[in-house]
Amino acid sequence: MLLRGAFAALGLMASTSRALEVTVTNDASVKAAADTVAYGLVKFYTGNNTGDVPGNLPDPYYWWQCGAMFGTLVDYWHYTGDDQYNAITLQAMVHQAGDDEDYMPKNQTMTLGNDDQGFWALAAMSAAEHTFPDPPSDQPQWVAIVQAVFNEFVTRWDTEHCDGGLRWQIFNFNAGWNYKNSISNGCFFNLAARLARYTGNDSYATWAEKVWDWETSIGLINLTNYAVYDGVTIKDGAKCQDDMDKTEWTYNSGIFLHGSAVMFDVTKDTKWKTHVDGLIKHGMEKFTVDGDNIAYEQLCEPHGTCDDDQRSFKGYWLRWLSATITLIPDVKDTVWPLMTTSAEAAASVCIGSPTAAISGHPPFKGMAGTACGFKWNPTKTFDNSFGVGEQMSALSALIYTLVDDAAAPVTNTTGGTSTGNPGAGSKSDSEKIRVFDPITTADRAGAGILTTLIIGGVIGGCAFVSL
Ligand SMILES: *[C@@H]1O[C@H](CO)[C@@H](O)[C@H](O)[C@H]1NC(C)=O
Ligand SMILES: *[C@@H]1O[C@H](CO)[C@@H](O)[C@H](O)[C@H]1NC(C)=O
Ligand SMILES: *[C@@H]1O[C@H](CO)[C@@H](O)[C@H](O)[C@H]1NC(C)=O
Ligand SMILES: *[C@@H]1O[C@H](CO)[C@@H](O)[C@H](O)[C@H]1NC(C)=O
Ligand SMILES: *[C@@H]1O[C@H](CO)[C@@H](O)[C@H](O)[C@H]1NC(C)=O
């Protein structure tokens with residue numbers, strides 16, 4: 001008993017002394033805190049261990065979240081200048097590009113939706129825009145990979161149902177095939193807009209317009225209030241809008257926000273600025289509590305029901321709010337209170353010292369007293385929810401306040417070094433299906449980002465799915 005008491009006291013002391021001291025006006029304090037939080041994040045990563053597969057996180061994290069994590073680490077380097085994770089990031093992003101250099105590695109067939117592929121491509125696009133080190137010339141190049149993903153999205157545009165749009169899934173045997181969701185189409189929109197900006201090729205902008213027009217005409221983006229709804233289920237004989245899931249997630253709002261900002265930069269058409277302003281206004285109302293300026297996932301956070309995926313979403317929203325500032329500095333005054341208050345609140349809950357793993361999740365291996373909780377409000381309270389999503393969201397909250405410290409995203413005429421290939425990604429999806437054991441298939445309902453579809457018994461993960 002005595003011994004246990006002594007340990008408890010020690011633990012308390014450790015967590016008190018470790019508390020991250022963050023003042024957002026002091027960049028050094030933000031960078032120091034980000035360093036600690038990033039350390040705790042990367043400790044979850046096992047892909048660079050001997051015998052493991054570069055790019056994968058351990059179960060239960062889905063493969064898409066690995067792509068999201070490396071996208072965050074690209075930005076971490078860009079905003080802080082700390083390059084200690086660049087080597088594992090480059091290794092992972094090249095390895096997972098797969099045989100066809102398009103972020104469709106055969107091992108992930110069972111969990112590979114358009115959004116999963118899209119999140120890895122978002123990381124590659126950020127690498128190009130931030131002049132992250134290019135892979136050796138005999139390996140896939142950032143812009144070429146994104147063009148491959150773009151070209152494949154084009155081939156999947158489905159006009160048979162709902163007059164267009166991407167389905168959630170790529171393969172018809174994966175759960176969610178009959179769903180057209182905002183995040184998949186948001187990846188398409190965002191990447192098309194950024195390729196247009198990076199390459200100066202109008203064909204990409206034309207596609208971005210087309211995706212936006214579909215998303216708004218179908219009603220997935222409500223142009224009256226700028227709510228972005230989750231998706232629609234396709235049903236034969238029914239009107240497309242009949243079965244719409246109107247859940248609003250932070251990241252859906254964010255991905256269309258940033259894409260709109262890019263389109264404003266590319267076209268100078270003020271309609272995009274109107275969309276930017278509308279999405280910011282609605283997001284700041286919807287995803288905070290009574291205007292407290294602390295980002296939160298309104299559907300599930302108050303009830304403690306956010307899953308592993310959902311616990312990472314608000315970090316991407318902050319990513320895209322900040323990326324919007326780099327293109328339209330005028331919006332900074334509006335979003336700055338949210339970004340800075342969120343950053344300080346997030347840092348204030350990175351005080352956990354969880355000693356054991358919870359329900360099938362890997363344990364926290366960062367420094368004691370620095371595990372980030374999920375809820376930022378109330379501040380200074382660790383809610384015992386920890387993991388890749390929590391750690392990555394807090395890291396995002398911190399680094400994206402450093403937006404004025406780093407160069408704006410480049411293009412291929414303003415310093416970009418990544419080379420493209422407009423014809424990349426030519427194989428058809430049916431040629432890519434791996435031959436697998438049907439018994440395993442039934443057990444492994446593939447699902448990348450579980451939005452509000454409840455799929456029982458899913459045991460996917462970033463780890464190699466043994467087929
Ligand atoms: C994996 O990468 C991390 C972060 O850079 C590093 O600390 C660790 O030593 C690496 N592991 C191996 C086995 O190289
Ligand atoms: C696919 O899985 C095999 C076996 O674990 C592994 O060697 C390979 O690196 C994986 N490929 C990718 C792209 O993850
Ligand atoms: C930029 O990309 C476009 C489209 O691929 C290409 O036509 C142009 O030559 C590139 N410019 C530079 C400087 O690489
Ligand atoms: C512009 O993009 C389109 C669509 O991918 C492509 O077909 C065309 O070759 C590209 N043009 C240039 C100059 O890269
Ligand atoms: C769009 O937003 C307006 C204003 O909040 C609301 O009245 C309307 O019902 C919304 N439309 C849909 C399809 O939800």
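When a ligand or atom number is given, it counts from 1 through the structure's own listing order.
In terms of heavy-atom proximity, P60 sits nearest to P362 at CD-CD, 4.0 Å.
Screening Y204, W207, F188 for a ring pair (Phe, Tyr, Trp, His ring centres under 6.0 Å) involving F153 leaves a single residue, F188.
Contacts of Q108 with ligand 2, taken as heavy-atom pairs under 4.0 Å, are absent altogether.
For ligand 2 and Q96, the ligand atoms under 4.0 Å from any heavy atom of the residue are 14 (O). Within ligand 2, the atoms closer than 4.0 Å to a non-hydrogen atom of P105 are 13 (C), numbered from 1 in the order shown. Using a 4.0 Å cut-off to heavy atoms of N107, the atoms of ligand 2 that qualify are 1 (C), 2 (O), 3 (C), 8 (C), 10 (C), 11 (N), 12 (C), 14 (O).
Applying the salt bridge (Lys or Arg N to Asp or Glu O under 4.0 Å) definition to pairs two or more places apart or across chains, those involving residues 183-198 are E129-R194, R197-D265.
F374 carries K314 over the face of its six-membered ring, with the cationic atom under 6.0 Å from the centre and within 45° of the normal.
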Ligand-protein N/O pairs under 3.5 Å (ligand 1):
{"residue": "ligand 1", "atom": "2 (O)", "partner": "N48", "partner atom": "ND2", "Å": "2.2"}
{"residue": "ligand 1", "atom": "11 (N)", "partner": "N48", "partner atom": "ND2", "Å": "3.0"}

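Residues forming a disulfide bond (SG atoms under 2.5 Å apart) with C187 (at least two apart in sequence, or on another chain): none.
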Distance-only donor-acceptor pairs under 3.5 Å for side chains of residues 321-328, two or more places apart:
{"residue": "T324", "atom": "OG1", "partner": "W320", "partner atom": "O", "Å": "2.7"}
{"residue": "T326", "atom": "OG1", "partner": "A323", "partner atom": "O", "Å": "2.6"}

Tell me, with the steps shown, if W120 and Y103 meet ring pair (Phe, Tyr, Trp, His ring centres under 6.0 Å).
-> CA-CA 7 Å; W120 278 91; Y103 290 131; 5.4 Å; yes

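Crowding of K271 atom NZ: a count of heavy atoms from other residues, nucleotides or ligands under 6.0 Å exceeding 12.
Geometrically, ligand 3 and T413 share no nitrogen or oxygen pair separated by less than 3.5 Å.
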